[in-house]
Amino acid sequence: MSDSLSLAAIYESFLLQVYGGKPTTKNGAYASVMANLINKEKGKRSPANSPDVEVQLEKVKEYILLALDKVLKWKMSQSHRDSIEGLKKKTRSARSSSELLEVCEFAYLLIDPNV
């Protein structure tokens with residue numbers, strides 16, 4: 001597994017957790033979505049029809065924000081709700097894949113019933 005795909009697994013795990021393990025193009029729950037962003041940031045070649053890094057960053061942000069909005073519909077404590085709202089703010093202001101991966105990792109741990 002490439003380095004970018006192993007990092008992107010954090011993103012995929014979070015989205016799959018939110019969407020009950022059902023990846024679709026609508027919810028973006030594929031590691032390749034984040035891996036493409038990571039590779040673009042590193043200047044690696046990508047498919048010709050792939051969007052530029054800024055467009056890809058915004059697309060990934062949108063997927064994460066939609067997942068966080070879905071989580072906010074769940075029953076949870078006010079402190080968890082506040083944490084999710086904070087993650088939404090961090091997502092909106094993120095300027096890189098690494099910042100978005102931090103959001104995904106924290107959100108995953110926050111909503112994982114096994115933690």
Side-chain angles (χ1 to χ4, degrees):
M1 183 181 295
S2 74
D3 186 43
S4 59
L5 270 178
S6 58
L7 286 172
I10 297 165
Y11 163 83
E12 181 177 25
S13 295
F14 165 60
L15 290 180
L16 288 176
Q17 187 180 35
V18 171
Y19 293 109
K22 299 175 184 165
T24 68
T25 54
K26 183 179 177 184
N27 64 28
Y30 295 100
S32 61
V33 173
M34 178 64 81
N36 287 340
L37 174 59
I38 293 167
N39 288 333
K40 283 183 176 294
E41 289 174 339
K42 292 179 178 179
K44 293 184 178 176
R45 288 180 36 144
S46 58
N49 62 347
S50 183
D52 64 20
V53 70
E54 292 83 15
V55 172
Q56 186 73 15
L57 178 67
E58 291 304 314
K59 185 177 190 175
V60 173
K61 283 182 181 184
E62 183 179 321
Y63 289 138
I64 294 170
L65 288 169
L66 288 171
L68 292 171
D69 283 340
K70 183 172 176 72
V71 170
L72 283 172
K73 293 177 183 175
W74 300 354
K75 185 176 179 179
M76 66 180 75
S77 69
Q78 188 59 47
S79 64
H80 276 75
R81 190 170 301 286
D82 292 344
S83 294
I84 297 295
E85 287 293 347
L87 291 174
K88 286 179 64 177
K89 288 178 186 174
K90 188 170 181 173
T91 300
R92 284 189 205 98
S93 65
R95 294 180 170 207
S96 69
S97 60
S98 61
E99 291 178 43
L100 294 176
L101 287 169
E102 287 176 15
V103 167
C104 293
E105 186 171 19
F106 187 80
Y108 181 85
L109 294 173
L110 189 65
I111 65 175
D112 186 353
N114 300 314
V115 174

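Source: prediction; values computed, not measured.
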Peer 1: Can you check side chain to side chain contact (heavy atoms under 4.5 Å, CB included) on Ile64 and Cys104, steps first, answer last?
Peer 2: CA-CA 8 Å; Ile64 294 170; Cys104 293; 3.6 Å; yes
Peer 1: Could you tell me if Asp52 and Gln56 have a donor-acceptor pair between their side chains, going purely by distance under 3.5 Å?
Peer 2: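 No, because no side-chain N or O of Gln56 sits under 3.5 Å from a partner of the opposite role on Asp52.
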Peer 1: Tell me, with the steps shown, if Val103 and Lys88 meet side chain to side chain contact (heavy atoms under 4.5 Å, CB included).
Peer 2: CA-CA 8 Å; Val103 167; Lys88 286 179 64 177; over 6 Å; no
Peer 1: Closest heavy-atom contact between Tyr11 and Val60?
Peer 2: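 In terms of heavy atoms, the two residues are closest at CE1-CG1, 3.9 Å.
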Peer 1: Under a 3.5 Å distance rule, please check whether Glu99 uses its side chain to pair with a backbone N or O of Lys90 as donor and acceptor.
Peer 2: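 Not a single qualifying donor-acceptor pair exists.
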Peer 1: Check whether any side-chain heavy atom of Tyr108 sits under 4.5 Å from a side-chain heavy atom of Ile10, and report yes or no.
Peer 2: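 No; the side chains remain at least 4.5 Å from each other.
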Peer 1: How close do Val71 and Met76 get, heavy atom to heavy atom, and via which atoms?
Peer 2: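 It is O-CE, 2.8 Å.
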Peer 1: Using 0.5 Å steps for rounding, measure from the NZ atom of Lys44 to the OG atom of Ser4.
Peer 2: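 Atom-to-atom, Lys44:NZ and Ser4:OG are 5.5 Å apart.
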Peer 1: State, to 0.1 Å, how close Ala31 and Ala8 come at their nearest heavy-atom pair, and which atoms those are.
Peer 2: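 Taking Ala31 first and Ala8 second, the nearest heavy atoms are O-CB, 3.1 Å.
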Peer 1: Could you measure the distance from the CD atom of Glu58 to the CZ atom of Arg92? Nearest 0.5 Å is fine.
Peer 2: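 Between atom CD of Glu58 and atom CZ of Arg92 there are 11.5 Å.
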Peer 1: In Å and rounded to the nearest 0.5 Å, what is the CG to OG distance from Leu110 to Ser79?
Peer 2: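 Reported to 0.5 Å precision, the distance equals 8.0 Å.
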Peer 1: Ala29 and Leu15: which non-hydrogen atoms are nearest, and at how many Å?
Peer 2: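 Minimum heavy-atom separation between Ala29 and Leu15: CB-CB, 3.6 Å.
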Peer 1: Calculate, to the nearest 0.5 Å, the distance between atoms CG and CG belonging to Leu37 and Leu101 respectively.
Peer 2: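 Reported value, rounded in 0.5 Å steps: 8.5 Å.
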Peer 1: How long is the span from the CG atom in Leu16 to the OH atom in Tyr30, to the nearest 0.5 Å?
Peer 2: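 If we round to the nearest 0.5 Å, Leu16:CG and Tyr30:OH are 9.0 Å apart.
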Peer 1: Under a 3.5 Å threshold, yes or no: a donor from one side chain and an acceptor from the other, between His80 and Ser83?
Peer 2: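 Side-chain D/A pair, His80 to Ser83: absent.
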Peer 1: Heavy-atom distance under 4.5 Å between the side chains of Ile111 and Phe14, does that happen here?
Peer 2: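 In short, these two side chains touch, coming nearer than 4.5 Å.
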Peer 1: On a heavy-atom basis, which atom in Ala35 and which in Leu5 lie closest, and how many Å separate them?
Peer 2: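 Where Ala35 meets Leu5 most closely, the heavy atoms are CB-CD2, 3.7 Å.
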Peer 1: Test your reading of the model: is there a side-chain donor-acceptor pair from Asn27 to the backbone of Lys22, 3.5 Å cut-off?
Peer 2: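 Yes; at least one donor-acceptor contact below 3.5 Å.
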Peer 1: Whether the side chain of Arg81 engages the backbone of Trp74 through a donor-acceptor N/O pair (distance < 3.5 Å, no angle test) should be reported.
Peer 2: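 Yes; at least one donor-acceptor contact below 3.5 Å.
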Peer 1: For Phe106 and Leu109: C-alpha separation, side-chain torsions, deciding distance, then whether side chain to side chain contact (heavy atoms under 4.5 Å, CB included) applies.
Peer 2: CA-CA 5 Å; Phe106 187 80; Leu109 294 173; 5.8 Å; no
Peer 1: Any non-hydrogen side-chain atom of Asp3 less than 4.5 Å from a side-chain atom of Lys42?
Peer 2: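 A side-chain contact under 4.5 Å exists here.
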Peer 1: Which is it for Glu62 and Lys59 under the salt bridge (Lys or Arg N to Asp or Glu O under 4.0 Å) test, yes or no, and what are the steps along the way?
Peer 2: CA-CA 5 Å; Glu62 183 179 321; Lys59 185 177 190 175; over 6 Å; no
Peer 1: Indicate, with yes or no, if Leu68 and Leu72 share a hydrophobic cluster defined by side-chain heavy-atom contacts under 4.5 Å among Ile, Leu, Val, Met, Phe, Trp and Tyr.
Peer 2: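 Looking at the clustering, Leu68 is in the same group as Leu72.
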Peer 1: Can you measure from CD (Glu102) to CG (Leu87) and round to the nearest 0.5 angstrom?
Peer 2: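 One gets 10.5 Å once the value is rounded to the nearest 0.5 Å.
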Peer 1: Side-chain contact, heavy-atom cut-off 4.5 Å: Met34 with Leu100?
Peer 2: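 SC-SC contact between Met34 and Leu100 confirmed.
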Peer 1: I want to check something: taking the side chain as every heavy atom from C-beta on, are Lys70 and Leu66 in contact at a cut-off of under 4.5 Å?
Peer 2: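 A side-chain contact under 4.5 Å is absent here.
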